[in-house]
Amino acid sequence: MAHSYINRAFYQAILDFEKSEQAQDYYYQVMGTETGRLGKDGKPETVREQILRVYAMLFCDDIGAVAGQIASPEDVEATADRLHTGNMGFDRKHWYRMQHHFPVIDEDNYDRFAALVIADLNAGALKEAAQNGGDMLLVGEADPLRMTREQRRTQKVRTVALRTEETL
């Protein structure tokens, strides 16, 4: 893909999605754009499919994804509460899903949540925080808000590395 559509404007459109029809139009335009690659079915791949494939790769161990598989609504919903921003801490403002007001992840918005995560890693606040302050996206245990104190103490986390390229 010669041009990356996963950029700051796309990230901002996702953040403004609920407030602006222009943001919604831009979001849908980008998501429907062909990447120039062919999918497994031989049809041109869209940015939406690419984002869902990359999201599935983030959680391949957790959802049992194989290379090239795209994340389903169930995959995104099952993993959304596992994303934590900043440094280790368990206050609610650091849980990514809550921070971005996605109380329900379903058929209607799972691809938007996945796009938010990927766009944030590539061109948003997460990229800036990682570059400037050392904060990062952490992937924690399933359902962290219902963990016991002992489970939180022994929680295993891994960081998600950011690429320096502007392309996805």
Exercise. Do Leu121 and Val54 have side-chain heavy atoms sitting under 4.5 Å apart?
Worked result: no

For this session: Apply side-chain hydrogen bond (donor to acceptor under 3.5 Å, both in side chains) to Gln29 and list each qualifying residue two or more places apart in sequence or on a separate chain.
Result: none

Exercise. How long is the gap from CD1 on Ile118 to OH on Tyr55, to the nearest 0.5 Å?
Worked result: 8.0 Å

Exercise. Can you name the closest pair of heavy atoms from Ile105 and Ala80 and give their distance?
Worked result: CD1-CB, 3.3 Å

Seminar exercise, completed: Shortest non-hydrogen pair, Tyr26 vs Ala13, comes out as CD2-CB, 3.6 Å

Exercise. Are Val76 and Tyr28 co-members of a hydrophobic cluster defined by side-chain heavy atoms under 4.5 Å apart?
Worked result: yes

Exercise. Do Ser72 and Asp75 get their side chains close enough for a donor-acceptor pair, meaning under 3.5 Å?
Worked result: yes

Problem set entry | Non-hydrogen side-chain atoms of Asn122 and Asn7 separated by less than 4.5 Å | no

Exercise. Glu45 and Thr35: side-chain donor and acceptor closer than 3.5 Å?
Worked result: yes

Exercise. Which pair of non-hydrogen atoms, one from Ala114 and one from Leu52, has the smallest distance, and what is that distance?
Worked result: CB-CD2, 3.8 Å

Exercise. Do Arg37 and Gln50 have side chains that get closer than 4.5 Å, going by heavy atoms?
Worked result: yes

Problem set entry | Asp106 side chain vs Pro73 backbone, donor-acceptor pair below 3.5 Å | no

Problem set entry | Interatomic distance, Asp120 atom CG to Arg8 atom CZ [nearest 0.5 angstrom] | 8.0 Å

Problem set entry | Partners meeting side-chain hydrogen bond (donor to acceptor under 3.5 Å, both in side chains) with Tyr110 (sequence neighbours left out) | Arg48

Exercise. Which heavy atom in Ala56 sits nearest to a heavy atom in Ala71, and how many Å separate them?
Worked result: CB-N, 3.7 Å

Problem set entry | salt bridge (charged side-chain N to carboxylate O under 4.0 Å, His left out) partners for Glu49, two or more places apart | none

Seminar exercise, completed: Taken to the nearest 0.5 Å, the spacing of Phe10 CZ from Thr33 OG1 works out to 9.0 Å

Show which side-chain atoms of residues 14-23 pair as donor or acceptor with protein atoms under 3.5 Å away, not counting sequence neighbours.
from, atom 1, to, atom 2, distance (Å)
Asp16, OD1, Gln12, NE2, 3.4
Asp16, OD2, Gln12, NE2, 3.3
Glu18, OE2, Arg112, NH1, 3.4
Glu18, OE2, Arg112, NH2, 3.2
Ser20, OG, Gln22, N, 3.1
Ser20, OG, Ala23, N, 3.1

Problem set entry | Glu77 side chain reached by Val104 side chain, heavy atoms, under 4.5 Å | no

Exercise. Who passes side-chain contact (heavy atoms from CB on, under 4.5 Å) against Asp25, sequence neighbours left out?
Worked result: none

Exercise. Within a strict 4.5 Å, meaning less than it, do heavy atoms of the Asp111 and Tyr27 side chains meet?
Worked result: yes

